[in-house]
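Accompanying notes for the structure given below.
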Number of protein chains: 2
Amino acid sequence: MQLADAKNQFVAAWGSFGSNWGINRTMAQIHAYLLVSTQPQSTEDIMQQLSVSRGNANMNIRELINWGLVDRVVVHGERKEYFQAEKDIWKVARIIVRERKKRELEPMLKFIESLQQVNEGGTEADIQAFQQTMEGIRKFGRQTDQAMEAMLKAEESWLVSTLLKLVK
Amino acid sequence: MQLADAKNQFVAAWGSFGSNWGINRTMAQIHAYLLVSTQPQSTEDIMQQLSVSRGNANMNIRELINWGLVDRVVVHGERKEYFQAEKDIWKVARIIVRERKKRELEPMLKFIESLQQVNEGGTEADIQAFQQTMEGIRKFGRQTDQAMEAMLKAEESWLVSTLLKLVK
DNA sequence: TTTTTCTTTCAGAAATAATTGAAAGTTTAG
DNA sequence: CTAAACTTTCAATTATTTCTGAAAGAAAAA
């Protein structure tokens, strides 16, 4: 199999994988493209390789930098900006977990907790049922939060080395 | 706080939370609505409460049943179908993990593995760099897959009780 | 069988999200 | 300072996803 074909397939697949998870296609594709580029790439390179406009490229590169998945790098003697992706997949995963935890999980948990203050507008039993449903979600959310926290602090091998033992 | 308000807020929030994760808004809202309903609800109920069309309601209910998150139930003496959601959040989480693992993670892993067969079209170093990137993703994917497998088999408390120890 | 009740389908419409590209803004070089 | 090189912005356009509602299909009742 040809290297160039494999890279193209990877970029396309990463794009559609991303959109299944609420990440826009172009952002995921740029990330994939930088992951399989050996050299830092310019905006022009990205526009040309992925056939996207300058505005689109700029916006999504910026968002990737924002997440901490991509860095600007200076290429000696060149004026324009170049970009490269973090290649260590474990670091990438940690960044994504950290960001989604902060941006989505934590606000959701606060919200659920605020809903537990219900105290009128229904029978005792109805209120209790609602509170229990919220409590289930809250507990699960807290556990997920703690698990993510653990992952962020743990070593690369945390998952398998400990969980496999657990299953046995 | 009023019970009815809390329920409405929950439905709305769950809908927008879902769309951040690639789940369509109405599907998430129907799920949320059934989660906070004490009685099984009919299609009519759902249409009315969420202000959605019959087609939309039908389609998303079916998809929820497909995932295993919602069941059809027979209400004594009634002809039409009623629906209720699984209320145990841990069961819900397991179902979602199982389905996404099957639908997305496993196919992605197969695909990445297929890309590791690259063997021409670049310098030795370039090919190696690509293969290493793929290997990183593959390893991470395999570990995630195993962790999910562990979760599916483990008890409710698997996350915290074991991972917190790990962090210390 | 015929009617009634309920469920499913799907083409078109509406809503939402992503993208373009030209213009404005910024930075560096001369 | 002025021009050139590069980056950012954003209104308008395009693409994608979701939703509607009427019609067709199915199942139960009469």
Report summary line: Sorted by chain and number, sequence neighbours left out, ring-ring contact (aromatic ring centres under 6.0 Å, His included) with A:Phe10 holds for A:Trp14

Report task. Nearest 0.5 Å please: distance from the CD atom of B:Gln143 over to the CZ atom of B:Arg138. Result -> 10.0 Å

Query raised in the report: Near A:Glu124 CD, under 6.0 Å, is it more than 12 heavy atoms from other residues, nucleotides or ligands?
Result: no

Report summary line: The reported gap from CD in A:Gln132 to NZ in A:Lys139 (rounded to nearest 0.5 angstrom) is 9.5 Å

Query raised in the report: Between A:Glu99 and A:Arg94, is there a salt bridge with N-O shorter than 4.0 Å?
Result: no

Query raised in the report: Atom CG in B:Asn119, atom CD in A:Gln2: separation rounded to 0.5 Å?
Result: 8.0 Å

**Report entry** Partner set under side chain to side chain contact (heavy atoms under 4.5 Å, CB included) for A:Glu86, not counting sequence neighbours
**Finding:** A:Asp88, A:Lys91, A:Val92

Query raised in the report: To 10°, what angle do the rotation axes through the five end pairs on each side of the helix from C:dT1-D:dA30 to C:dG30-D:dC1 form?
Result: 10°

Query raised in the report: B:Glu63 has an atom CD; how far is it from atom C1' of D:dC19, in whole Å?
Result: 15 Å

Query raised in the report: Hey, what do you get for CG (A:Leu115) to CD (A:Gln131), rounding to the nearest 0.5 Å?
Result: 10.5 Å

Query raised in the report: Reading nucleotides 2-10 of chain D 5' to 3', which nucleotides get B (base under 4.0 Å from a protein heavy atom), which S (sugar-phosphate only), which -?
Result: --BBSBBB-

Please tabulate, for side-chain N and O atoms in residues 29-40 of chain A, each donor-acceptor pair with protein atoms closer than 3.5 Å (sequence neighbours left out).
residue, atom, partner, partner atom, Å
A:Tyr33, OH, A:Gln41, OE1, 2.6
A:Ser37, OG, A:Tyr33, O, 2.7

Query raised in the report: For residues 20-38 of chain B, which residue pairs qualify under salt bridge (charged side-chain N to carboxylate O under 4.0 Å, His left out), counting only residues two or more places apart or in two chains?
Result: none

Requested in this report: Name every residue in residues 9-21 of chain A that has at least one heavy atom under 4.0 Å from any atom of DNA chain C, in order of residue number, or write none if there are no such residues.
Outcome: none

Report task. Quick one: label B:Ser51 by what it contacts on the DNA or RNA (base, sugar-phosphate, nothing), any heavy atom closer than 4.0 Å. Result -> sugar-phosphate

Report summary line: Under a 4.0 Å heavy-atom cutoff, the residues of residues 29-37 of chain B touching DNA chain D are none

Query raised in the report: What salt bridge (charged side-chain N to carboxylate O under 4.0 Å, His left out) pairs are there with at least one residue in residues 60-75 of chain B, not counting sequence neighbours?
Result: B:Glu63-B:Arg103, B:Arg72-B:Glu81

Report task. List in chain and number order the residues that pass side chain to side chain contact (heavy atoms under 4.5 Å, CB included) with A:Met47, two or more places apart in sequence or in another chain; answer none if no residue qualifies. Result -> A:Thr43, A:Arg54, A:Ala57

Report task. Walk along DNA chain C from 5' to 3' and tell me the first and last nucleotide with an atom closer than 4.0 Å to a non-hydrogen atom of chain B. Result -> C:dT5 to C:dT9

Requested in this report: For D:dT18, take OP1 and OP2 only and decide whether either is under 4.0 Å from a side-chain N or O of B:Thr26.
Outcome: no

**Report entry** Ion pair check, A:Glu106 and A:Lys102, cut-off under 4.0 Å
**Finding:** no

Query raised in the report: To the nearest angstrom, how far is B:Met27 atom CE from D:dT17 atom C1'?
Result: 15 Å

Report summary line: Hits for salt bridge (charged side-chain N to carboxylate O under 4.0 Å, His left out) against B:Asp145, two or more places apart or cross-chain, chain-then-number order -> B:Lys101

Query raised in the report: Heavy-atom distance under 4.5 Å between the side chains of B:Phe130 and B:Glu135, does that happen here?
Result: no

